[in-house]
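Just so it is clear: chains get the letters A, B, ... in the order the sequence lines come, proteins before strands, and each one is counted from 1. These numbers come from the heavy atoms of this one structure, side chains and all, not from hydrogens, waters or symmetry mates.
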Amino acid sequence: MSNIINIRVTTEKCSGCGLCIKSCPFNCIALVDGVAFIQESCRLCGACVSVCEREAIVSESKNEKTGTIKYSGILIFVEQRKNVIAPVVFELIDKGRELADRLGEKLECVILGKDVKQQAEELFHYRVDRIHVYDSPFLEEFRDDPYSELLVCLIQEIKPSIFLLGATSEGRSIAPRIATRLRTGLTADCTGLETDSEGNLLQTRPAFGGNIMATIECRNTRPQIATVRYKVMKKAERVSAYKGELVCRDFDEKSIRNRTWVKKVAEAQGKGEASLTEANIIVSGGKGLGNPEGFKLVKELADVLGGAVGASRITVDEGWIPYPHQVGLSGRTVRPKLYIACGISGSVQHLAGMQTSDIVVAINKDPSAPIFRIADYGIVGDLYEVIPEIIKLVRELKEQK
Amino acid sequence: MEIIVCIKQVPAITEVRIDPETNTLVREGVEAAINPFDMYALEEGIRLRERYGGWTTVMSMGPSQAESALREALALGVDHAILLSDKAFAGADTLATAYTLACGIRKIGVYDIVICGLKTTDGDTGQVGPGLAEELGMPHVSYVRRIIDITGKTLLVERSLEDYYEEIEAPLPSLITVTKEINEPRLPSFKGKMAARKAPIEVWNSNDLGGVLDRFGIRGSPTQVMKVFNPQPRLKGELLQGNPKSQADQLVKRLVEKRLA
Ligand SMILES: Cc1cc2nc3c(=O)[nH]c(=O)nc-3n(C[C@H](O)[C@H](O)[C@H](O)COP(=O)(O)OP(=O)(O)OC[C@H]3O[C@@H](n4cnc5c(N)ncnc54)[C@H](O)[C@@H]3O)c2cc1C
Ligand SMILES: Nc1ncnc2c1ncn2[C@@H]1O[C@H](COP(=O)(O)O)[C@@H](O)[C@H]1O
């Protein structure tokens, strides 16, 4: 299954058994006049090809390799704000180092901002071979135009084979502009990155809201660009010494286009989102709380454990708790050491945002709730009976200390 | 003001389940619907027309079934609907989708603002919007949660980034992608539904668009899906038995062992 550009049914061979219809994850095969018919909504995933017992379904692949030779090395976009490097960058660096070592290529970083040289130098402690620094008051604030333009110029010059960005708001805003300009592939929100024997990047990401996983490749164009989900990969470790090269890059501000202007900046209130993604312990409440008051109990448990409060989407939609607390596909992705889900059924969309937590505890009345399938410790019971007991025990424990 | 809203028709599945035996999606009652995030884009497109006058056009690239999504949009109150549909567009990734939509929008010719949803629930990338802006050679502002004002040829919006908000000024034409905070989408009126039934939908194929054939659909898509599979289930956990007090006790003991309490 590779590089498919077309899938056809050899009607003479088709028995109309329907196996392929069942195999299609996208529901686009139908029986027409007793033979399989592939509709135009086909995504060319190839799932049907292998299930056909009569080899009636054939796929055609494209196989010209164009200009992939000149490109080498891994480039990472170092997102920073107010001179603090985004945590996801250290995860990208760890993965980037691993890939670079495997491919026998260089690991390079690029940072844009004002007075960021010191931050750049710090990155050498994470085994980066070369760091490109664009340092200018002009770049103090993130803006889509100049950021993407400078990155495109750098990529055209150093020709990395892989370019990685965090799947943050900023990363996801500029990556498509860059990929479009370079006419190359971009994979969003990756949770896994590997290479195949030819050095192509295998990019794994959740699709359909985490219901299925897809592995995506970009074989014929370079660089291969991916945004990578935060808190999925492990952070790089700081080493005491590593010798890399710092390249300060001058540029002519006037030649760099900028069309949007930042008029005002306001920090998000409550810092709910930031503290949630950073928290080591999260206690989350769901519809099972029954009413908004339930979050008081959730908060109490979070407080005794020294953790933050999360929530399922339903509770946010109902207005029980503000959006920044929402965990899941359309909320935050979190990866705490401990995640306690209280009265949450465990829909795929919720799981998509928390299933990489180290330890998951589920408290739910319904033993068949899907959350128990991923929980390390499951408690079948009424959360209003169980949580107060836990709070009591943890409090006693603290008093003993 | 000329407003263009891009919408996609997606499978209306909230809770997709995988059949553990056949490894495929369980799809009882799976219908197609407008991508939920695009409802906010549509609503904003209609509100802008109500506020500043002009026309709102909705555009979608997809198979002929996507007509029903466009009809829904007409029922909500958009003025024109255009479907980009051709076998050559099939299998498009976000680059090819952005290119195709750009060809369609260029064919329309006049536009002040293009509005996209934050992301789709099937492709789930959020890449088409900014990619489309790049194809059209215009700026974009992503994650817009409020349009503050449009004066002359200037757009003032509020965008939400990782943990801060920005007020951004952009020239027209610009493309914006909108979040769910931006509005509360309306429901179609009875009159709107009736009118939408008979409203014409223009369908443009690759010939109509002009454009480079090699940039459409699968040919124009640098990324390929190699494999689709189920997420790895976690290892089976432990169910803590007994009454609430004993369950709490067992849990706290384990948390203490793991130094979490
Ligand atoms: C495109 C899309 C994106 C989405 N994004 C997200 C997202 O980001 N995050 C998210 O969470 N959801 C998301 N959802 C919604 C998701 O599908 C579910 O609807 C939601 O997660 C369910 O929330 P819940 O578990 O709190 O509620 P329910 O599914 O109603 O579950 C409540 C649970 O509480 C249990 N319960 C009831 N009373 C008690 C009690 N007294 N004690 C113990 N247990 C009790 C019940 O047995 C039940 O299992 C998304 C959906 C879509 C379509
Ligand atoms: N086939 C399409 N036709 C029209 N608009 C689309 C299409 N695909 C994506 N879009 C727009 O781009 C946004 C982001 O989509 P995506 O990048 O697929 O997550 C959507 O919310 C739509 O506004």
Side-chain angles (χ1 to χ4, degrees), chain A residues 1-3 5 22-23 25 27 40-45 47 145 168-169 172-173 176-177 180-181 184-188 207-209 211-218 221 259-268 273-274 305 337-338 347 374-379 381 385-386 389-390 393-394, chain B residues 15-16 18 22 24-25 27 30 63 87 90-91 94-95 98 121-122 124-127 130-131 134-135 139-143 161-171 218-219 222-231 233-234 237-240 244-245 247-249 251-252 254 258 260-261:
Chain A
M1 245 200 299
S2 75
N3 218 353
I5 54 171
K22 288 208 198 84
S23 80
N27 201 14
E40 55 188 326
S41 49
C42 170
R43 311 249 177 134
L44 299 152
C45 74
D145 270 346
T168 59
S169 321
R172 297 182 68 153
S173 192
R177 283 205 93 100
T180 303
R181 187 90 63 85
T184 189
L186 168 62
T187 307
F208 264 114
N211 288 288
I212 52 174
M213 301 296 287
T215 301
I216 291 163
E217 273 194 50
C218 166
T221 58
R259 293 169 292 188
T260 60
W261 301 93
V262 181
K263 291 285 160 187
K264 226 194 261 170
V265 180
E267 301 303 315
E273 317 178 27
L305 291 169
K337 294 202 168 79
L338 173 64
S347 67
I374 70 138
D376 298 273
Y377 303 118
I379 296 182
E385 290 172 17
V386 179
E389 295 291 343
I390 303 174
L393 285 170
V394 178
Chain B
E15 193 76 11
V16 190
I18 304 267
T22 58
T24 56
L25 297 184
R27 45 173 179 263
V30 176
K87 209 155 180 188
T94 56
L95 185 74
T121 51
D122 59 349
D124 196 5
T125 75
Q127 290 173 179
E134 181 66 38
E135 284 291 353
H140 80 271
V141 187
S142 45
Y143 306 97
L161 287 161
E162 213 61 8
D163 42 28
Y164 62 105
Y165 304 109
E166 283 180 346
E167 241 176 69
I168 301 257
E169 197 182 274
I218 189 75
R219 288 174 179 281
T223 60
Q224 304 98 32
V225 178
M226 309 301 285
K227 191 167 80 174
V228 184
F229 58 100
N230 276 301
R234 276 172 91 109
E238 185 186 356
L239 222 46
L240 307 178
K245 196 166 183 329
Q247 289 172 317
D249 192 50
L251 176 68
V252 173
R254 281 164 182 77
K258 306 227 182 265
L260 289 165

Region of [X] in contact with chain A, defined by heavy-atom distances below 4.5 Å:
| X | answer |
| --- | --- |
| B/Leu95 | side chain |
| B/Leu251 | side chain |
| B/Ala98 | neither |

Output the option from B/Pro222, B/Pro63, B/Ala261 having the highest count of non-hydrogen pairs under 4.5 Å with chain A.
B/Pro222
Answer key: most heavy-atom pairs under 4.5 Å with chain A among B/Arg254, B/Lys258, B/His140 is B/His140
Under 4.5 Å between any side-chain heavy atoms of B/Ile168 and A/Val262, yes or no?
yes
I'd like to verify something: which residue of [options] has the highest number of heavy-atom pairs under 4.5 Å with chain B?
| options | result |
| --- | --- |
| A/Glu385, A/Lys337, A/Arg181 | A/Arg181 |
| A/Leu305, A/Val394, A/Asp145, A/Ile390 | A/Ile390 |
| A/Thr187, A/Thr168, A/Ile379 | A/Ile379 |

Restricting to non-hydrogen atoms, name the atom on B/Asp124 and the atom on A/Arg172 that form the minimum distance, rounded to 0.1 Å.
O-NH2, 4.0 Å
Listed by chain and number, what are the side-chain hydrogen bond (donor to acceptor under 3.5 Å, both in side chains) partners of A/Thr180, not counting sequence neighbours?
none
Region of A/Thr184 in contact with chain B, defined by heavy-atom distances below 4.5 Å:
backbone
So, the side chain of B/Glu169 versus the backbone of A/Trp261: is there a donor-acceptor pair under 3.5 Å, distance only?
no
Determine yes or no for a side-chain-to-main-chain donor-acceptor pair under 3.5 angstrom, with A/Thr260 supplying the side chain and B/Ala170 the backbone.
no
Once side-chain contact (heavy atoms from CB on, under 4.5 Å) is applied, do any residues pair with A/Pro176, and if so which ones, sequence neighbours excluded?
A/Leu186, B/Gln127, B/Pro130
Please determine whether a side-chain nitrogen of the Lys or Arg among A/Lys264 and B/Glu167 lies less than 4.0 Å from a carboxylate oxygen of the Asp or Glu.
yes
